[in-house]
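This report concerns only the one structure given below.
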There are 2 protein chains.
Amino acid sequence: MPRKITERNDVIPILAELFRERGFAGTSLSEITERTGLGKGSLYHFFPNGKEEMGKAVLDDVANWFEYHIFAPLREGEDPYADIDYMFKATTQFFHSGRRICLVGVFALDDTRDRFSSEVQSYFGTWTKALTIALRRTDFGAAQAREIAEDVVAGIQGALVLARSQDDPKIFTRAIKRLKARTRIT
Amino acid sequence: MPRKITERNDVIPILAELFRERGFAGTSLSEITERTGLGKGSLYHFFPNGKEEMGKAVLDDVANWFEYHIFAPLREGEDPYADIDYMFKATTQFFHSGRRICLVGVFALDDTRDRFSSEVQSYFGTWTKALTIALRRTDFGAAQAREIAEDVVAGIQGALVLARSQDDPKIFTRAIKRLKARTRIT
DNA sequence: GTCTATAGATCGATAGAC
DNA sequence: GTCTATCGATCTATAGAC
């Protein structure tokens, strides 16, 4: 028997997709009620602080996903090469090969960032640090590992923006291929 | 004698900074009247189609700046090495070493892109193509020149997002240094 | 828990005096 | 050209019935 649709956790993915499409400021409660099928009463029951709390919940959900699937393995995995490769694979899937944009990236620009600055900062900071640790284990020096990690995380973000601007997912997959090559000692 | 402040062209830079800060959907007309010191009557005199026209005007202004200062030299300059170096220098200045975010990048995400898709597409597309031409002239092969150009344009965007998310302009300047190195044949 | 109804503020846009 | 006043629509959020 399928779980009841009306749980807080079931609403979050819908909110995430909406915020990705419209941005935070551009998403209205009436559109949220439409897409979730929930009245405002229900929404405020789940998120007493309204839109702000929905934004936080969505960022939190994304952070948890990345922490569990990507960051933790990078930090604590046994085979750094395999973990880095998996990072690229899982990231590509998560972003639907460039067709889906990064929610945190959307929140990172304009003044939405100020309302969620700690969440946004933590997402990119944690990613960069976890990748740095994995790269160090593949015998890169400390400085080089940090540079490559920054290059990769920034490169993924930029590729998402560029791919979306040109409506061309191949831009993203090409970027992933380049970035992946840079995580290998030559 | 300083030119009268109330000209359409004088309003555009103010609009640009506002859209950068708040995003398109997040910028209200009341805030625009506040920052420009112009009443709504005057604004609608300059921009009969309202906010939409302001958005187009601002994108147009940015596109013109880049075309004149960066794209045209890349395409038609005499010394491709110097032109590419100048691109990095001018870009760094334009983005205030990473403290200022990219207006077109802000417009490229969420559904704002749909309203300005041709402008957004043209900006990144023209940039990539112009840089590809310059790189070809420095004896890179066609395929490699295209890859590097894509890498650089995406890398700049990503570095802007990352630098802003961490409130750390050094992330941007480090990225520029790396990207610049990649435009040189080794 | 979920709904409808609605408050109160603010939105983009317009009208018309000067 | 620039202003103030104001429109109708839409916004976030709340109230209260069920």
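Scope of the values below: all heavy atoms of this structure, side chains included, with no hydrogens, waters or symmetry mates. Every chain is numbered from 1, with letters handed out A, B, ... down the list of sequences.
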Whether A:R182 side chain and A:I148 backbone form a donor-acceptor pair below 3.5 Å = no
Using a heavy-atom cut-off of under 4.0 Å over every strand shown, decide if A:G50 touches base, sugar-phosphate, or nothing.
-> sugar-phosphate
Which part of the nucleic acid, if any, lies within reach of B:G37 when heavy atoms closer than 4.0 Å are counted: base, sugar-phosphate only, or nothing?
-> sugar-phosphate
Would you please classify the geometry between the A:F107 ring and the A:F19 ring as parallel, tilted or perpendicular, with 30° and 60° separating the classes?
-> perpendicular
Please state whether the rings of A:F66 and A:F71 are parallel, tilted or perpendicular, taking 30° and 60° as the class boundaries.
-> tilted
Given [options], which nucleotide is nearest the side-chain atoms of [X]?
X     : options               : answer
B:F46 : C:dA13, D:dT2, C:dC3  : D:dT2
A:K40 : D:dT2, C:dG12, D:dA13 : D:dA13
B:Y44 : C:dC11, C:dG1, C:dG12 : C:dG12
B:S42 : D:dA13, D:dC3, C:dT14 : D:dC3
A:K51 : C:dA13, D:dT2, D:dA13 : D:dA13
B:L29 : C:dT2, C:dA13, D:dT12 : C:dA13

N/O (side chain, B:S30) to phosphate O (OP1/OP2, C:dC11) under 4.0 Å = yes
Phosphate OP1/OP2 of C:dC11: any B:S28 side-chain N/O under 4.0 Å | yes
Take the protein atom [atom1] of [X] and the nucleotide atom [atom2] of [N], then report the distance between them rounded to whole Å.
X     : N      : atom1 : atom2 : value
A:L38 : C:dT4  : CG    : P     : 11 Å
B:I32 : D:dC3  : CD1   : C1'   : 17 Å
A:N49 : D:dA13 : CG    : P     : 8 Å
A:F47 : C:dG1  : CZ    : P     : 14 Å
A:L18 : D:dC11 : CG    : P     : 13 Å
A:L43 : C:dT2  : CG    : C1'   : 10 Å
A:E34 : D:dT10 : CD    : C1'   : 13 Å
A:E31 : D:dA13 : CD    : P     : 16 Å

Closest heavy-atom pair, B:A149 versus B:L135, reported as atoms and distance to 0.1 Å, is N-CD1, 3.8 Å
Which heavy atom in B:F124 sits nearest to a heavy atom in A:Q166, and how many Å separate them?
-> CB-NE2, 3.5 Å
Whichever of B:G39 and A:T27 has the more 5' nearest nucleotide on DNA chain D, that residue is B:G39
